[in-house]
Amino acid sequence: MPAQGSAKRPTTELDGRYSSALHPRPGAEDVTATDWDEAQRHLEGAEIFWVSTVRPDGRLHVTPVIAAWHEGALYFSTGGSEQKAKNLAHDGHCALTTGGNSLTEGLDLVVEGRAEPVTDPALLEEVITAYETKYGAHITSPEGTFHGIGEAFRTGDVVVFAVAPDTAYGFGRDDGVYTHTRWAF
């Protein structure tokens, strides 16, 4: 099980090679790394993530998932026979990404780590609560897109994975001011 990360503070580094720090633009003279607390707020609020896994033959597999940030880890689920579950059974290393598609605003995030199956019933209940709080009626309403996911977590009909970051990256854009932050855990 991944370390519960809220107490685990990463080291933060601004990478000037990919930031406005190297090629300053007006207003970018004082560019700084993105604070981890801000990155966590974005992870908590992001609705869609893309999980990247590696097939046993080395080919990549990338697919969208919903996920919840809870106690220092991202949690997502998949059916046990789905490709991402098969890939993670072979190699647990993965990356979850989220962000926007605007050239001039937003914060894209990449969380790299090892996906670990979650089986502890108490933790599963916490994750269900995190999902219900975050996604609301999408989870709790009978008409919701993901209605019944909590019960699927409880019964083991899906595999729930936790990914505590080993490394995370943030790519910020603020009206032409670009930042590239690396967090190491």
Side-chain angles (χ1 to χ4, degrees), residues 1-6 8 10-11 13 15 17-18 36 39-40 42-101 107-132 134-135 138-139 144-171 180-185:
M1 174 63 11
Q4 298 293 297
S6 20
K8 192 174 177 183
T11 60
E13 173 189 358
D15 190 335
R17 296 172 301 162
Y18 306 107
W36 178 242
Q40 283 187 104
H42 282 269
L43 291 171
E44 290 167 355
E47 293 182 342
I48 298 292
F49 292 80
W50 291 84
V51 61
S52 300
T53 60
V54 180
R55 299 171 194 261
D57 66 6
R59 292 180 299 133
L60 293 175
H61 180 258
V62 181
T63 188
V65 295
I66 61 172
W69 179 259
H70 176 67
E71 298 289 325
L74 275 170
Y75 292 84
F76 69 95
S77 67
T78 186
S81 64
E82 290 186 32
Q83 188 65 52
K84 56 188 162 292
K86 292 176 186 177
N87 296 346
L88 292 169
H90 174 75
D91 182 348
H93 293 96
C94 67
L96 287 131
T97 59
T98 191
N101 61 0
L107 178 64
D108 298 328
L109 295 167
V110 178
V111 172
E112 297 178 345
R114 184 169 182 80
E116 299 286 346
V118 178
T119 57
D120 175 52
L123 180 55
L124 285 172
E125 288 302 321
E126 291 177 23
V127 174
I128 291 167
T129 299
Y131 266 75
E132 290 175 345
K134 180 176 185 175
Y135 292 103
H138 291 289
I139 304 275
T145 307
F146 301 102
H147 184 260
I149 199 169
E151 195 56 31
F153 284 13
R154 287 182 189 100
T155 61
D157 289 345
V158 296
V159 182
V160 178
F161 289 100
V163 179
D166 292 329
T167 306
Y169 301 92
F171 302 91
H180 177 194
T181 304
R182 179 181 189 272
W183 299 281
F185 294 80

Provide the closest heavy-atom pair for Pro117 versus Val159 in the form atom of the first, atom of the second, distance.
CB-CG1, 4.4 Å
I'd like to check the ring pair (Phe, Tyr, Trp, His ring centres under 6.0 Å) partners of Phe161; sequence neighbours left out, ordered by chain and number.
Phe76
Which heavy atom of Ala95 sits nearest to which heavy atom of Glu112, and what is that distance?
CB-CG, 4.2 Å
Using atom types as modelled and distance alone, determine if a side-chain donor or acceptor of Thr98 lies under 3.5 Å from a backbone N or O of Ile48.
yes
Got more than 12 heavy atoms from elsewhere within 6.0 Å of CG, Asp57?
yes
Are more than 12 heavy atoms, taken from residues, nucleotides or ligands other than His42, located less than 6.0 Å from that residue's NE2 atom?
yes
Measure from the side-chain N and O atoms of Asp166 to the backbone N and O of Ala184, and report whether any donor-acceptor pair falls under 3.5 Å.
no
Evaluate the side chain to side chain contact (heavy atoms under 4.5 Å, CB included) criterion for residues Val118 and Phe153: first the C-alpha distance (whole Å), next the side-chain angles of each, then the deciding distance (0.1 Å), finally the verdict.
CA-CA 9 Å; Val118 178; Phe153 284 13; over 6 Å; no
Which distance, rounded to the nearest 0.5 Å, do you find between the CG of Leu107 and the CG of Leu43?
8.5 Å
Taking all non-hydrogen atoms of both residues into account, name the closest pair between Val51 and Cys94 and its distance.
CG2-CB, 4.4 Å
Working to the nearest 0.5 Å, report the span between CD of Glu44 and NE2 of His70.
11.0 Å
Would you name the heavy atoms of Asp108 and Gly100 that are closest together and state the gap between them?
OD1-N, 2.9 Å
Nearest atoms (heavy-atom pairs only) where Ala168 meets Trp36:
CB-CZ3, 4.0 Å
Out of curiosity, Glu126 CD to Glu71 CD, how far, rounded to the nearest 0.5 Å?
6.5 Å
Separation between CG (Leu109) and CG (Leu96), nearest 0.5 Å, reads 11.0 Å
Under 3.5 Å, side chain of Tyr75 to main-chain N/O of Tyr131, donor-acceptor pair present?
no
From Ile139 CD1 over to Ile66 CD1, what is the distance, rounded to the nearest 0.5 angstrom?
4.5 Å
Validation row: Thr145, Tyr135 side chains within 4.5 angstrom (heavy atoms):
no
List the atom of Ser52, the atom of Val62, and the distance in Å for their closest heavy-atom pair.
OG-CG2, 3.6 Å
If the plane angle is over 60° it's perpendicular, under 30° parallel, otherwise tilted; pick one for Tyr169 and His180.
tilted
Residues in side chain to side chain contact (heavy atoms under 4.5 Å, CB included) contact with Gln83, at least two apart in sequence or another chain
Arg55, His61, Lys86, Asn87
Distance, nearest 0.5 Å, that separates CG of Leu88 from NE2 of His90
11.0 Å
Test ring pair (Phe, Tyr, Trp, His ring centres under 6.0 Å) on Phe49 and Trp69; report intermediate values, then the result.
CA-CA 11 Å; Phe49 292 80; Trp69 179 259; 9.1 Å; no
Expected output: side-chain Glu82 to main-chain Gly79 donor-acceptor under 3.5 Å
yes
Does a salt bridge link Arg154 with Glu125, judged by any charged N lying under 4.0 Å from a carboxylate O?
yes
Please walk me through it: do Val158 and Thr78 pass side chain to side chain contact (heavy atoms under 4.5 Å, CB included)?
CA-CA 5 Å; Val158 296; Thr78 186; over 6 Å; no
